[in-house]
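Because only heavy atoms are used, hydrogens play no part in the values below, and waters and symmetry mates are left out as well, while side chains stay in. Here the structure is a predicted model, which means the values were calculated and not measured.
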Amino acid sequence: SEPSDDILNRAKDAGVTFEMVGIGRDGFVFVINQENPVDNLTIEQIQDIYTGKITNWKEVGGEDVEIIPYQREANSGSQNLMEKMVMKGIPMMEPPVEYRIDSMFGLIDSVAAFENSEAALGYSIYLYAKDQYVKDSIKFLSINGVYPTDESIADGSYPLSKIVYAIFRADEPEGSAVRQLVDWLRTDEGQLAVEAGGYVGLKEAK
């Protein structure tokens, strides 16, 4: 994912500039427990949940259950995406310590846990929740009426589709192994490797 502003500022202070090259596509997804009857949220509703304006699932078509809105730790990839793609500069409420999760699998486990049932809401990277850490007891939400799939991420109709980057120092010499690898990842053969890793290929995007 694109580095957080904090990481970019630290790099700038160290005199380092990054070069970012898109090599694939992924999605940012919201997950809830299968027991929760809600299937869709709008981005505005998610913003209202994470600023504390909406606190109960009944306000978004669910049961009369208080929402447990989990967050990730600062500077994690998913937290950075949440702040930039979803909140768009709107400050998130400060969560209780037990609602801030320090790993992707920990967040998914928390949403999947039986004791949370209908209450929990969390977010993750599509690839991770779909392929790398799959839990039968969670489900993806549609966002603005569009469900996250390889196809909706590839054509950009899923509103939280994103580019996956290869990121390296901008002063990397021309023809270096790093640049050769990144160039190869954008070829037809390289895109097969990207897709084999679970990402959506750039060549699929319209």
Which heavy atom of [X] sits nearest to which heavy atom of [Y], and what is that distance?
X    : Y    : value
I23  : A166 : CG2-CB, 4.0 Å
T51  : M87  : CG2-CE, 3.7 Å
R25  : Y199 : O-CB, 3.8 Å
Q191 : L202 : OE1-N, 2.5 Å
L127 : G197 : CD1-O, 3.4 Å

Pair F30-L121, side-chain contact (heavy atoms from CB on, under 4.5 Å): steps then yes or no:
CA-CA 7 Å; F30 284 83; L121 173 66; 4.2 Å; yes

Using side-chain contact (heavy atoms from CB on, under 4.5 Å), reason through F28 and I143 one step at a time and then give a plain yes or no.
CA-CA 10 Å; F28 188 63; I143 303 298; over 6 Å; no

For E59, look at atom CD and say whether over 12 heavy atoms of other residues, nucleotides or ligands are found less than 6.0 Å away.
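Atom CD in E59 is packed in, count exceeds 12.
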
Evaluate side-chain contact (heavy atoms from CB on, under 4.5 Å) for V21 paired with L185, printing each intermediate quantity in order.
CA-CA 10 Å; V21 178; L185 284 169; over 6 Å; no

If the condition is side chain to side chain donor-acceptor pair (under 3.5 Å), which residues does N9 pass it with, not counting sequence neighbours?
none

Would a line drawn from the ring center of Y50 to the ring center of Y123 be shorter than 6.0 Å?
yes

Judged by modelled atom types alone, do D39 and Y147 share a side-chain donor-acceptor pair under 3.5 Å?
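No donor-acceptor contact under 3.5 Å links the two side chains.
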
Report yes or no: does Q71 contribute a side-chain atom to a donor-acceptor pair with the main-chain N or O of M93 at less than 3.5 Å?
yes

Can you tell me if N56 uses its side chain to pair, donor with acceptor, with the backbone of V65 under 3.5 Å?
yes

Could you please spell out the steps behind the side-chain contact (heavy atoms from CB on, under 4.5 Å) verdict for L141 and I46?
CA-CA 11 Å; L141 285 171; I46 294 169; over 6 Å; no

Sidechain N-carboxylate O distance under 4.0 Å for R179, E19:
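Judged by the 4.0 Å cut-off on N to carboxylate O distance, R179 and E19 do form a salt bridge.
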
Taking NZ, NE, NH1 and NH2 as the nitrogens, is one of them in D6 or R10 under 4.0 Å from a carboxylate oxygen of the other?
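The answer is yes: the pair qualifies as a salt bridge.
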
Hey, does M82 have a side-chain heavy atom less than 4.5 Å from the side chain of R72?
no

